[in-house]
Amino acid sequence: MFHAARRRACAVVAAVAVAVLLSAVPALAHGFTSTVYVDLTSPGIGHVRSELELEYDLLVVSAADSEKDDPLFRAGTAAFEAHDAAEQAAALHAHAGSVVAYVTERFGVTAEGAACTAAQDGDFTIEQREGVPYALLVLDYRCPESAEAHEVRSGLFPDSEGYVRDTKTVVTYDLDLTSGSAALDAKQRSFSTQQSWAERFWEFFRLGAEHLLTGLDHILFLLALIAGSRRLREIVLAATTFTVAHSVTFILAALGLVQVPASFVEPVIALSIAVVAGWHLWRIRRRRSHATDLEKFGRGHLGLDPAGWARLAVVFCFGLVHGLGFAAALGIDQALSWTLLWSLLVFNVGIEAVQLAIILVVFPLLALLRHRRPGAGLWATGAIAAGVSVMGLVWFVQRVLGI
């Protein structure tokens with residue numbers, strides 16, 4: 001009795017410790033990062049049209065700070081807090097000089113070494129991405145007419161400003177008789193329209209890998225799957241099901257067949273973490289030391305019992321929602337985003353590579369512990385599931401209330 005009580009106490013302490021440690025990390029997995037979306041086209045020879053979408057509140061504070069424009073900060077912040085898109089656009093328009101100066105100093109196009117001259121085309125407009133206001137700024141670049149290739153650089157919203165970290169600039173382009181996409185960040189600030197296939201592959205593979213590694217909610221979902229898997233076959237099937245599900249969402253999003261607001265997606269992602277982790281806790285409570293046993297009757301195809309199949313169904317449904325979160329990271333929210341489709345698939349490969357690496361490291365360790373010390377292994381997975389479930393519920397409440 002004493003040993004059982006001590007194990008329960010250790011498990012509770014471990015779960016609380018996990019929750020406390022994780023709460024030190026931003027509640028929203030992507031809350032302190034930002035993504036800039038750029039679309040480049042060439043209306044004519046020596047002419048590059050650039051449509052930039054930048055997070056509104058970040059643009060206001062960064063431009064105001066850089067250009068020492070306090071009125072921009074006051075007007076822009078007031079419009080942001082009022083959730084008034086018209087006033088937000090008006091604030092940017094009234095201080096267009098500061099905003100354009102900030103952007104053009106950090107984003108530029110060159111043609112064979114010669115800088116292209118930028119000028120604003122039209123007024124600012126405000127759009128919504130993942131429930132966040134984004135400012136659309138159109139810049140016309142005039143370049144040497146003889147250029148056969150263009151180079152694009154981006155240093156927007158750098159870490160040194162202290163407002164966000166790890167800004168990504170996702171670029172789609174149709175220039176120089178070629179079309180494609182690229183991902184720029186602090187590690188790679190520029191690319192050429194003549195970049196090789198291997199360079200493009202690596203850019204988006206790395207972006208996908210980093211997205212999963214920095215997306216704490218997705219990692220916790222994976223840990224919940226690992227903790228609740230009774231056999232290697234189960235975690236492999238669960239990870240494959242998750243992959244298939246969010247790949248389906250990628251394709252549907254690229255076709256413009258599914259559009260779900262972030263106000264729904266983000267809370268459901270948090271809830272999925274709590275549910276999948278809670279599933280294992282429920283089995284421990286109901287079956288005690290037999291929580292990891294397979295049911296003797298009812299095993300069907302792939303060696304799964306009814307509980308295993310039910311778990312796969314839940315994972316598939318939640319995987320669809322996680323896919324919406326992944327797609328949003330690349331701006332796949334408009335119909336027929338085909339120029340990004342290839343890059344999106346490579347992005348997906350990067351995600352899966354990290355996911356597989358985590359499974360190969362964590363699951364064998366838990367399996368070994370379960371084999372040598374069944375009781376300790378069960379309490380270890382229970383502690384992991386408890387901590388993950390608590391964080392999932394905390395995030396769910398925060399995201400629903402907008403905290």
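Numbering starts at 1 and runs along the sequence shown. Heavy-atom basis, side chains included; hydrogens, waters and symmetry copies ignored. It should be emphasised that the depicted structure is a prediction, and the values quoted were computed from it without experimental measurement.
The backbone N or O of His150 sits less than 3.5 Å from a side-chain atom of Thr193, completing a donor-acceptor pair. Although no hydrogens or angles enter the test, the distance criterion places no donor-acceptor pair under 3.5 Å between the side chain of Tyr134 and the main chain of Thr125. Under a 3.5 Å cut-off, the side chain of Ser272 and the backbone N or O of Ile269 do form a donor-acceptor pair. Gln120 contributes a side-chain N or O that, together with a main-chain N or O of Gly122, makes up a donor-acceptor pair within less than 3.5 Å.
In this structure, Asp121 and Leu139 have side chains that are not in contact, with every pair of non-hydrogen atoms separated by 4.5 Å or more. Looking only at side-chain heavy atoms (C-beta outward), Leu92 and Asp123 stay at 4.5 Å or farther from each other. The shortest side-chain heavy-atom distance between Glu210 and Val354 does not fall under the 4.5 Å cut-off. At least one side-chain heavy atom of Arg106 sits under 4.5 Å from a side-chain heavy atom of Ser66. By the 4.5 Å heavy-atom criterion applied to side chains, Val38 and Thr169 are counted as neighbours.
Judged by distance alone, the side chains of Ser62 and Glu161 do bring a donor and an acceptor atom under 3.5 Å apart. When only modelled atom types and interatomic distance are considered, Thr172 and Asp39 share a side-chain donor-acceptor pair under 3.5 Å. In this structure, a donor-acceptor pair under 3.5 Å is present between the side chains of His280 and Thr381.
Relative orientation of the Phe318 and Phe221 rings is perpendicular, given thresholds of 30° and 60° on the angle between their planes. The aromatic rings of Trp279 and Trp282 sit perpendicular to each other, their planes meeting at more than 60°, with 30° as the lower class boundary.
Annotation: the span from Leu156 atom CG to Leu59 atom CG amounts to 9.0 Å, rounded to 0.5 Å. The line from CD1 of Ile358 to NE2 of His218 is 11.5 Å long, rounded to the nearest 0.5 Å. Between the CD1 atom in Ile351 and the CG atom in Leu213 there is a gap of 10.5 Å [rounded to 0.5 Å].
Phe107 has its ring centre no less than 6.0 Å from the ring centre of Tyr102. You'll find the ring centres of His322 and Phe242 inside the 6.0 Å limit.
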### Task
List the steps and the verdict of salt bridge (charged side-chain N to carboxylate O under 4.0 Å, His left out) for Arg153 and Glu151.
CA-CA 7 Å; Arg153 64 168 179 82; Glu151 184 177 85; over 6 Å; no
### Task
Please lay out, stage by stage, how His93 and Gln88 fare under the test side-chain hydrogen bond (donor to acceptor under 3.5 Å, both in side chains).
CA-CA 9 Å; His93 183 67; Gln88 291 168 6; over 6 Å; no
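The two residues Thr249 and Leu320 make their nearest non-hydrogen contact at OG1-O, 2.8 Å. For the pair Ser98 and Leu72, the tightest heavy-atom approach, listed with the atom from each and the gap, is CB-CD2, 4.3 Å.
The environment of NE2 in His47 is crowded: more than 12 heavy-atom neighbours from other residues, nucleotides or ligands sit within 6.0 Å. No more than 12 heavy-atom neighbours from other residues, nucleotides or ligands sit within 6.0 angstrom of CZ on Phe73.
A salt bridge links Asp217 with Arg399: the closest approach of a Lys/Arg side-chain nitrogen to an acidic carboxylate oxygen falls below 4.0 angstrom.
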